[in-house]
There are 2 protein chains.
Amino acid sequence: MEEHKHVTIYDIAKKLNLATSTISRALKDHHSISDKTIKKVKQTAKEMGFVPNTLAAGLRGNKSKTIGILIPTVTQPFLSSLISGIEIAARKSEYSVIIMQSHDSYDVEVNLAKSLYSNRVSGVICSLAMETKDTSHFKQFSNNNIPLVFVDRVPRDYDTFRVVINNHLAGYKATKHLIEQGCKRIAHLTAGSEFGTLYNERKRGYIDALIEHDLPIDEDLIISLKHMTYEEGVKACNHLFNLKEAPDGLFAPGDILAVSAVQTAKKRGIKVPEDFAVIGFNNDPISEIIEPNISTITHPAEKMGKAAAELIIKNLKSVKDEEDDAKEITFLNTQVLIRESSSRKI
Amino acid sequence: MEEHKHVTIYDIAKKLNLATSTISRALKDHHSISDKTIKKVKQTAKEMGFVPNTLAAGLRGNKSKTIGILIPTVTQPFLSSLISGIEIAARKSEYSVIIMQSHDSYDVEVNLAKSLYSNRVSGVICSLAMETKDTSHFKQFSNNNIPLVFVDRVPRDYDTFRVVINNHLAGYKATKHLIEQGCKRIAHLTAGSEFGTLYNERKRGYIDALIEHDLPIDEDLIISLKHMTYEEGVKACNHLFNLKEAPDGLFAPGDILAVSAVQTAKKRGIKVPEDFAVIGFNNDPISEIIEPNISTITHPAEKMGKAAAELIIKNLKSVKDEEDDAKEITFLNTQVLIRESSSRKI
DNA sequence: ATGAGAATCGCAATCGGTTGTGCTAAAATA
DNA sequence: TATTTTAGCACAACCGATTGCGATTCTCAT
């Protein structure tokens with residue numbers, strides 16, 4: 001197999017009898033290069049099939065026009081949509097995207113963070129692993145002016161960019177909706193001992209809604225899960241239905257859990273939404289296909305990804321404009337989508 | 001903000017009064033370095049917080065320990081699972097994964113291929129865009145000994161690695177299953193004017209099964225879609241149900257289409273599977289959650305991703321072992337999962 | 001025509017590992 | 001003791017683009 005040698009700016013320089021510096025500048029429309037030189041350089045660059053070597057540029061500038069994504073997994077609808085949003089926004093500014101999965105493991109996350117740093121990514125977008133209770137492995141980015149954005153599962157105490165929704169408000173709205181449908185004993189699933197704020201906030205919203213409507217808070221109706229999976233959802237729901245005083249509603253902080261609840265209820269002959277109203281979270285594709293389709297809270301995954309990527313890129317451009325108020329939390333709106341699983345015809 | 005300077009092998013060398021070459025070799029257990037030197041170097045490297053600069057290494061060796069993924073989108077269950085498999089296998093060998101979405105556009109795919117090349121990826125894994133009818137933009141990889149693996153949506157005529165299932169056999173098995181359930185008029189959805197082989201193969205399997213069982217091939221029952229979406233599925237199914245002689249079964253080459261078929265049927269009062277049996281493809285999560293849950297063909301996405309990544313990594317290691325029979329098509333097994341949407345109690 | 005200033009372009013260092021080659025000292029063999 | 005090996009490490013070129021600074025050429029105005 002023949003070894004095609006890569007075409008470099010040196011080759012172009014030699015062919016045109018110019019200095020490599022001129023080539024380099026011409027290729028990026030530097031003002032100190034004449035228009036005709038620029039045109040000539042670009043022309044022959046194309047003819048020779050020149051493709052810039054990102055690595056060389058990255059080494060020199062100590063950055064790689066690459067955004068690192070560090071998330072639990074890529075297979076959850078919310079996260080794959082997030083990735084999509086990031087990728088689209090990044091590409092628009094000619095950034096590449098490199099992806100790593102923590103699988104919700106703290107140790108893995110620590111390793112991958114180092115690997116991202118090793119790759120000299122220009123910025124990092126992260127949604128924390130379930131296990132993570134300490135974020136010191138992100139200091140290497142902060143310490144080196146590598147913009148860091150946490151999305152969705154954000155740490156409680158790290159002073160950096162965040163892109164989140166108002167989880168408290170969302171939890172409140174979801175619960176209030178159920179109350180308005182006549183539910184008196186609303187159950188809630190949440191994450192056990194969480195370091196981040198996401199599920200805690202939703203739970204707070206749930207509790208505040210109950211309080212506001214003079215409903216009692218029954219700890220028996222609040223179940224902590226280790227993982228947000230279908231199986232754990234089924235287990236929790238069966239537990240709930242076996243209570244002496246079973247719930248008549250459920251706010252699940254994820255659509256998969258809502259699906260498991262609806263199906264577990266049906267299996268036991270419990271009518272949804274008449275006997276048991278359910279609202280989920282995220283507006284996953286499945287929520288509107290399942291029967292009954294599931295009320296949920298919208299979660300603008302792609303928009304959040306776009307916002308996160310743009311935060312990084314903007315911050316990278318304006319190195320000198322110290323003015324722009326960094327470290328800012330971005331809130332985005334969410335809506336209650338009322339569908340069959342919670343609309344009682346009262 | 002303080003500018004932490006990166007620790008380099010030069011810093012380590014200075015501190016230990018050794019040459020940088022010794023540090024470099026020691027860090028990767030080169031045989032020409034004594035054990036105690038290795039130990040000492042690794043020790044102080046850790047103490048000083050040394051993190052290797054991937055870009056520098058990549059520039060020197062003209063490769064980046066990175067695998068590029070070029071696929072239509074990351075939000076389809078099959079593709080996100082594929083990514084997951086690739087990422088896991090890649091990480092095991094300390095490769096990173098960089099992802100790009102063609103959004104089924106040929107022009108975008110061409111651009112992204114160039115970008116991957118510019119990033120000096122070690123290898124490329126690609127599932128072709130729907131639009132793509134020409135693969136000359138992949139020659140840059142082949143010409144430079146960058147391993148290229150096509151997965152699932154593979155080109156018809158490119159001599160390189162492939163990871164696919166036996167689509168003909170799968171289509172045959174799916175159709176045969178419907179026939180065995182008593183279906184006489186089985187419809188089929190497929191992709192219009194496809195350059196690749198995927199949907200054509202499934203269709204061939206469908207036709208061969210019909211022929212083998214002496215069933216007529218009715219072109220009215222075969223509909224070409226432009227995109228494999230829920231909406232197009234609904235449209236196509238409504239068309240089918242409006243035929244004078246409506247079908248009594250459907251082989252859909254994707255679970256989303258199967259879902260759309262089942263729901264369209266239900267909406268029209270057509271009983272599934274009694275009046276209309278359906279089998280999908282891929283075993284997407286939704287297929288077993290929907291009611292009735294949907295018979296389907298398994299498609300081992302993660303395993304295929306793993307296989308593709310391993311193909312690349314193995315091929316990269318053995319540069320000299322010209323022996324290993326490259327350019328080999330990997331076939332993987334698939335199964336018919338019989339669920340409610342197609343099991344008639346005959 | 002000539003000097004000031006602007007417009008262009010070249011030189012060479014630099015980023016941080018990698019690796020072929022060569023040198024030196026210690027270990028092995030004669 | 002003399003000589004051949006071998007282990008252990010140092011030198012320096014190299015990958016390809018970037019960029020500060022200096023040098024040269026060109027443009028007008030005087």
Side-chain angles (χ1 to χ4, degrees), chain A residues 3-42 45 48-66 94 117-122 144 319, chain B residues 3-42 45 48-66 94 115 117-122 144-145 319:
Chain A
E3 274 289 333
H4 279 237
K5 218 50 192 151
H6 304 276
V7 178
T8 73
I9 57 171
Y10 289 88
D11 301 324
I12 303 176
K14 202 182 301 170
K15 184 155 196 170
L16 293 178
N17 272 320
L18 289 175
T20 62
S21 54
T22 304
I23 309 298
S24 174
R25 290 185 175 111
L27 287 174
K28 43 181 51 182
D29 297 305
H30 194 280
H31 67 275
S32 79
I33 306 291
S34 67
D35 284 345
K36 55 187 172 209
T37 303
I38 289 181
K39 195 167 295 180
K40 194 168 52 179
V41 169
K42 285 188 176 176
M48 299 177 70
F50 169 74
V51 179
N53 185 324
T54 306
L55 300 176
L59 173 59
R60 172 60 212 253
N62 207 54
K63 58 184 154 111
S64 63
K65 273 235 161 195
T66 291
E94 297 187 300
Y117 182 70
S118 183
N119 274 288
R120 296 296 187 272
V121 291
S122 305
N144 286 85
V319 185
Chain B
E3 275 288 332
H4 280 238
K5 215 52 190 151
H6 304 277
V7 179
T8 73
I9 58 171
Y10 289 87
D11 302 324
I12 303 176
K14 202 182 301 171
K15 186 157 194 169
L16 293 179
N17 270 322
L18 289 174
T20 61
S21 55
T22 304
I23 308 298
S24 174
R25 292 187 170 108
L27 287 174
K28 42 181 51 181
D29 297 305
H30 194 279
H31 66 276
S32 78
I33 307 292
S34 67
D35 285 346
K36 56 188 171 210
T37 303
I38 289 181
K39 195 167 293 177
K40 195 167 52 180
V41 168
K42 285 188 175 175
M48 299 177 71
F50 169 75
V51 179
N53 185 326
T54 305
L55 299 176
L59 174 58
R60 173 59 214 249
N62 207 53
K63 57 182 156 107
S64 64
K65 273 235 160 197
T66 291
E94 297 186 300
S115 180
Y117 182 71
S118 182
N119 274 285
R120 295 297 186 270
V121 291
S122 305
N144 287 84
N145 286 327
V319 185

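Order of the sequence lines sets the chain letters (A, B, ...), proteins ahead of strands, with each chain counted from 1.
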Report task. Could you identify which residues of residues 23-31 of chain A place a heavy atom less than 4.0 Å from some atom of DNA chain D, listed by residue number, or say none? Result -> A/Ser24, A/Arg25, A/Lys28
Query raised in the report: Counting just side-chain N and O atoms, does A/Thr37 come under 4.0 Å of either OP1 or OP2 of C/dC9?
Result: yes
Query raised in the report: What is the bend of the helix from C/dA1-D/dT30 to C/dA27-D/dT4 when you compare the axis at one end with the axis at the other, using five pairs each and rounding to 10°?
Result: 50°
Query raised in the report: Counting side-chain heavy atoms from C-beta on, which of C/dT18, D/dA10, D/dC15 comes nearest to B/Ile9?
Result: C/dT18
Requested in this report: Let me know, please, whether A/Lys63 or A/Ala56 comes out on the 5' side of the other along DNA chain D by nearest nucleotide.
Outcome: A/Ala56
Query raised in the report: Over how many whole Å does the gap from A/His6 atom NE2 to D/dA17 atom C1' extend?
Result: 14 Å
Requested in this report: Could you tell me the separation between the CG atom of A/Leu59 and the C1' atom of C/dT18, rounded to a whole number of Å?
Outcome: 12 Å
Report task. Measure from CG on B/Leu16 to P on D/dC9 and round the result to the nearest Å. Result -> 11 Å
Requested in this report: State whether B/Asp29 and B/Lys42 are salt-bridged, where the test is any N-O pair (Lys NZ or Arg NE/NH1/NH2 against Asp/Glu carboxylate O) under 4.0 Å.
Outcome: yes
Query raised in the report: Is there side-chain contact between B/Thr8 and B/Asn53, with at least one heavy-atom pair below 4.5 Å?
Result: no
Query - Atom-to-atom span, CG of A/Asn53 to P of D/dG16 - whole angstrom - result: 7 Å
Query - Test item: side-chain donor near acceptor, B/Ser122 and B/Thr66, under 3.5 Å - result: no
Requested in this report: Using a cut-off of strictly less than 4.0 Å, decide whether A/Ser34 has a side-chain nitrogen or oxygen near OP1 or OP2 of C/dC9.
Outcome: yes
Query raised in the report: Looking only at side chains, do B/His6 and A/Asn62 share a donor and an acceptor under 3.5 Å apart?
Result: yes
Query raised in the report: Rounded to the Å, how far apart are B/Asn62 CG and D/dC14 P?
Result: 16 Å
Query raised in the report: Below 4.5 Å, heavy atoms only, C-beta onward: do A/Leu16 and A/Lys40 meet side chain to side chain?
Result: yes
Query raised in the report: Base, sugar-phosphate, or nothing: which does B/Leu55 touch, judged by heavy atoms less than 4.0 Å apart?
Result: nothing
Report task. Would you mind classifying the nucleic acid contact of B/Thr54 as base, sugar-phosphate or nothing, using non-hydrogen atoms under 4.0 angstrom? Result -> nothing
Query raised in the report: Any side-chain N or O of B/Thr20 under 4.0 Å from OP1/OP2 of C/dG17?
Result: no
Query - Residue-phosphate contact under 4.0 Å: A/Thr8 side-chain N/O, D/dC15 OP1/OP2 - result: no
Requested in this report: Decide yes or no for A/Tyr117 and A/Asn144: does some side-chain heavy atom of the first lie under 4.5 Å from some side-chain heavy atom of the second?
Outcome: yes
Query raised in the report: If you check the A/Ser32 side chain, which of D/dA10, D/dC15, C/dT8 turns out closest?
Result: C/dT8
Query raised in the report: Given side chains that start at C-beta, do those of B/Phe50 and B/Asp11 come closer than 4.5 Å, heavy atoms only?
Result: no
Requested in this report: Can you tell me the distance, in whole Å, between the CG atom of B/Leu18 and the C1' atom of C/dG17?
Outcome: 16 Å
Requested in this report: Select base, sugar-phosphate, or nothing to describe what A/Ile33 touches, counting heavy atoms under 4.0 Å on all strands.
Outcome: sugar-phosphate
Query raised in the report: Where is the tightest heavy-atom contact between A/Ala26 and A/Ile38, given as atom of each residue plus distance?
Result: O-CG2, 3.7 Å
Query raised in the report: Got more than 12 heavy atoms from elsewhere within 6.0 Å of NZ, A/Lys15?
Result: no
Requested in this report: Kindly compute the distance separating CD1 (A/Ile12) from OG1 (A/Thr22), expressed to the nearest 0.5 Å.
Outcome: 12.0 Å
Query - Closest to side chain of B/Arg60, choosing from D/dA17, C/dT19, C/dA12 - result: C/dT19
Report summary line: Between NZ of B/Lys14 and P of C/dG16 the distance, given in whole Å, is 12 Å
Query raised in the report: Between the base of D/dC11 and the side chain of B/Ser21, is there any donor-acceptor pair under 3.5 Å?
Result: yes
Report summary line: Rounded to the nearest 0.5 angstrom, the NZ-CG distance for B/Lys63 and A/Leu55 is 11.0 Å
Query raised in the report: Within the structure shown, what part of the strands sits under 4.0 Å from A/Asn17 by heavy-atom distance: base, sugar-phosphate, or nothing?
Result: sugar-phosphate
Report task. Return the nearest nucleotide to the side chain of A/Tyr10; candidates are D/dG16, C/dG10, D/dA10. Result -> D/dG16
